[in-house]
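Data first, discussion second: the structure below is written as structure tokens.
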Amino acid sequence: MTTLHLPEPIAAYFSADRQNPDALARCFTAQATVKDEGRTHTGLDAIRAWKAAASTQYAYTTEPFALDQDSGHHIVSGRVTGNFPGSPVNLRYRFRLERGLIASLEITA
């Protein structure tokens, strides 16, 4: 199996996702958006709250296994395993980067 080489902001996101809401929020621009489970979270406070809620409700890990590019976006496929209904599941993370940070992220099945 080959090693997946993620762009630094995306690698930082997956690393921070194992830590805490503050670490995760530091991966994003001030006006970033995250779309997940039909909701949009805009700005660092909303992103921090989104991560805190997910961490409170579920324990999970994500293992990225593929990286593609499309129209200026980096699309990471990852296997998410945890204590949530339907685990494990493969999700797609669509990142748009800006000045070394994440400007937008959309998570879909």
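For the numbers below, each heavy atom of this structure counts, side chains included, while hydrogens, waters and symmetry mates do not.
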Check your understanding: How far apart are the C-alpha atoms of D22 and R48, what are their side-chain angles, what is the distance that settles it, and do they pass the side chain to side chain contact (heavy atoms under 4.5 Å, CB included) test?
Key -> CA-CA 6 Å; D22 290 325; R48 196 176 290 111; 2.8 Å; yes
Let me confirm one number: the [atom1]-[atom2] distance from [X] to [Y], rounded to the nearest 0.5 Å.
X	Y	atom1	atom2	answer
E8	C27	CD	SG	9.0 Å
I102	I10	CD1	CD1	6.5 Å
I107	K35	CD1	NZ	12.5 Å
E63	T81	CD	OG1	9.0 Å

Has [X] got a side-chain atom pairing as donor or acceptor with [Y]'s backbone, closer than 3.5 angstrom?
X	Y	answer
N20	A23	yes
S15	A11	no
N83	A59	yes
K51	A25	no

Give me the atom names and distance for the closest heavy-atom approach of [X] to [Y].
X	Y	value
Q31	T42	O-CG2, 4.1 Å
W50	D36	NE1-OD2, 3.0 Å
F14	T62	CE2-CG2, 3.7 Å
G100	P9	O-CG, 3.4 Å

Any side-chain heavy atom of [X] sitting closer than 4.5 Å to one from [Y]?
X	Y	result
Y93	I75	no
R26	L24	no
H74	L97	yes
T33	H41	no
Y60	P88	no
F95	V76	yes
P7	L67	yes
L101	Y13	no

Check your understanding: Are F65 and V80 connected, step by step, through hydrophobic side chains (Ile, Leu, Val, Met, Phe, Trp, Tyr) whose heavy atoms are closer than 4.5 Å?
Key -> no
Check your understanding: Taking everything shown except Q19 itself, do over 12 heavy atoms lie less than 6.0 Å from its CD?
Key -> yes
Exercise for review: Give every residue pair that meets the salt bridge (charged side-chain N to carboxylate O under 4.0 Å, His left out) criterion with at least one member in residues 98-109, sequence neighbours excluded.
Suggested key: R96-E98
